[in-house]
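Only one structure is covered here, and it is reproduced in the block below.
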Amino acid sequence: MLIYSDFSLKESNTFNIEAKAANYIEIAGLDDIENFVRKRKYFEMPRLILGNGSNILFTKDFKGVVLKNIMKGIKVQKEDDQTVTLKVSSGENLDTFIEYSLKNRWSGLENLSAIPGTVGGAAFQNAGAYGAEMKNYVVEIEYYDFEDFTLKSIKAEDCKFGYRTSVFKTDFLDKVFITAVTLRLNKKFTAITSYANLEEKLKEFTVLTPSIMRRVITAMRNEKLPDYKKLGNAGSFFKNPEITKQAFEKLSSEFEGLKNYPSEDGKIKLSAGQLIDLCGFKTTEAGSKVGVAQNNALIVINLGDANGKDVLVYAKKIEKAVKDKFGIKLEPEVVIC
Ligand code: EPU
C-alpha cells in the first residue's frame, strides 16, 4: 500500500479545485483497509473518504489522510424470472455500471444515467434524478466499521435514506467505509416517466426501452449541467428547500409562479434553482471567478481558476440573497471540506 504525501486533489474533485491532501492512500480492497487501520499513525489522523469527488468542495488543504476508493468488481448474487441481485464494489463508476446493467437487460437505474459518481457515493447520499432514487434499488450495504474493525452489512430499510441523505451521511459519518452495495434490478422494464417534462420528451418514441430512456436522460442532464471537465462544478450545490403548506401559500401570494412539488409529510418542495435565478445570479459580474450555470442556477461553477474559498464565498452570497428575498434558508447539498 502506497502512501503519498502532499498529494494534489485537483484531479480528484469535479470542481477542479486545487487542494492538497497531507496523506493520500488508494483503497482497492479490504486488504488495503486492514493495512491502513494497522498503521496507527495514519489511522489516528482525521480521514476523508473520496469516491469520484463529484459532490465535494475543498476550501482548504486536508491535513489528515484521504482514502481514495478504487474498489472494483461486480458479482451476480441471485437471479429469478423478474429480478437480478448484484453485489457491486463501492468504487465502481455509477454510470459505467448502469451501462453494463442495461447491456444485460437489467433495468431500474437508467434514470440515474450520467451522474458522475461512484456506486458507493450514490448510496452514501441516496443520489436521485428524474424520478428515481438509489434507495429504491438498494438491498443492503456492506461496510467496514473503523470503530470495531469488522466488516458488516446493513439492510436498506435500516439505512435511514432520505432526500440526499442516509445513515452513512449522518450517524456513520467518518466511522465506516462503504465497501459494496447490493442492488436489485428488474428484468422487466417499467419506465419512470413522471418527472416534469420527461414525458413530453419521450413522446417522439413509439417504443420505449431502457436504452432510449438512458439516452434521453443523458441528453436532458447535459443540457442543464455543464461538463465539469470544462467548467468545474458538483451538480446541484444546494438542496431544494422544503416548506410547510402554509408557508408556501404565504410565499406564493407574494411571488407568482414559484415552482412547487409535493414532498413527504405534506410539505412542499421549492426549486432552489428558480429562487437563485430570481435573485439575478445568472448575470455574472465581470472578473468573477465563480458563477452559476446559464441553464440552471442551482449549479455553481468554477469559471476558471477559483479556489475553494472563492466558491464558498459565492455560495454564501447566494444563501444570503435567497434568505433576504424569500426568507428561505438554503442548505448545501455538496460536502464542504
Ligand atoms: N428552474 C428555474 N431556473 C433555474 C433552474 C431551475 O426556473 O435556473 C426551474 C426549472 O424550470 C424546473 C425546476 O426549477 O421547473 C427544477 O429544475 P430541474 O428539473 O433542473 O431540477 P433541479 O431542482 O435543478 C434536481 C436535483 C438534480 C437532478 C434533477 C433532475 C436536487 C438538489 N437536485 O435538480 O440532482 O439531477 O433534479 O431530477 O434535488 C444533484 O443532486 O447534484 C443533481 C444534479
Side-chain angles (χ1 to χ4, degrees), residues 13-15 51-57 94-95 98 109-118 121-136 161-166 169 192-201 213-214 216-228 231-243 252 255-264 267-284 291-301 315 318-319 321-322 325-326 328-336:
N13 74 94
T14 60
F15 254 121
N52 273 9
S54 55
N55 203 47
I56 193 161
L57 173 67
L94 178 65
D95 195 52
I98 295 174
L109 298 176
E110 53 285 346
N111 288 38
L112 301 178
S113 288
I115 291 180
T118 56
F124 170 84
Q125 60 152 338
N126 185 26
Y130 305 103
E133 268 185 303
M134 202 63 188
K135 69 169 187 191
N136 300 331
F161 284 126
Y163 172 48
R164 296 295 189 279
T165 188
S166 77
K169 212 175 167 180
I192 302 171
T193 59
S194 55
Y195 191 82
N197 56 345
L198 182 53
E199 206 146 17
E200 191 59 38
K201 301 236 172 196
M213 195 67 153
R214 174 171 166 78
V216 171
I217 294 282
T218 303
M220 275 175 80
R221 220 182 144 82
N222 291 344
E223 253 172 50
K224 296 260 169 117
L225 281 117
D227 178 357
Y228 70 83
L231 279 175
N233 72 83
S236 302
F237 195 93
F238 298 100
K239 290 190 199 177
N240 284 324
E242 294 176 319
I243 58 174
S252 56
F255 300 95
E256 253 176 63
L258 289 185
K259 312 258 177 196
N260 60 97
Y261 313 90
S263 180
E264 278 150 40
K267 287 201 168 166
I268 307 279
K269 199 182 257 186
L270 298 175
S271 156
Q274 186 191 29
L275 303 181
I276 299 167
D277 191 359
L278 290 171
C279 289
F281 280 90
K282 281 190 184 165
T283 315
T284 315
V292 296
Q294 281 309 306
N295 292 337
N296 189 344
L298 187 50
I299 322 291
V300 174
I301 47 179
I318 292 178
E319 271 179 40
V322 170
K325 191 173 173 84
F326 301 102
I328 286 180
K329 177 155 176 24
L330 290 182
E331 267 179 47
E333 195 249 350
V334 299
V335 174
I336 296 171

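All residue numbers refer to positions in the sequence shown, counting from 1. Ligands are counted one by one from 1 in listed order, and the atoms in each one are counted from 1 as well.
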With a 4.5 Å heavy-atom cut-off, do S263 and N240 have their side chains touching? no
Sub-3.5 Å N/O-N/O distance, A297 and ligand 1: yes
For Y130 and ligand 1, does the shortest N/O to N/O distance drop below 3.5 Å? yes
When rounded to the nearest 0.5 Å, the distance separating CD1 of I276 from CD1 of I318 is 5.0 Å
of all protein heavy atoms, closest to atom 37 (O) of ligand 1 is Y195 OH, 3.2 Å
Closest approach of any protein heavy atom to atom 3 (N) of ligand 1, naming residue and atom: D277 OD2, 3.0 Å
For atom 15 (O) of ligand 1, closest protein heavy-atom neighbour: K259 CD, 3.2 Å
Please list the nearest protein heavy atom to atom 16 (C) of ligand 1 with its residue and the distance rounded to 0.1 Å. Y261 OH, 3.6 Å
Which protein non-hydrogen atom lies closest to atom 26 (C) of ligand 1, naming both residue and atom, and how far is it? R164 NH2, 3.3 Å
Closest non-hydrogen protein atom to atom 20 (O) of ligand 1, residue and atom name please, with distance? K224 NZ, 2.9 Å
Does the N or O separation between R221 and ligand 1 drop below 3.5 Å for any pair? yes
Considering only heavy atoms from C-beta outward, does the side chain of Y130 approach that of R221 to under 4.5 Å? yes
Rounded to the nearest 0.5 Å, what's the gap from CD1 on I299 to CG on N233? Could you check? 6.0 Å
Return the closest protein heavy atom for atom 40 (C) of ligand 1 as residue, atom name and distance. S236 OG, 3.3 Å
Side chain proximity check, Q125 to V335, heavy atoms < 4.5 angstrom: no
Any idea which part of L298 is under 4.0 Å from ligand 1, heavy-atom wise: side chain, backbone, both or neither? side chain
Does any N or O of ligand 1 fall below 3.5 Å from an N or O anywhere on S271, backbone included? yes
Between K201 and E223, is the closest basic N to carboxylate O distance under 4.0 Å? yes
Distance check, rounded to the nearest 0.5 Å: D95 atom CG versus L112 atom CG? 10.0 Å
Could you tell me the residue and atom name of the protein heavy atom closest to atom 23 (O) of ligand 1, and the distance to it rounded to 0.1 Å? N240 ND2, 2.9 Å
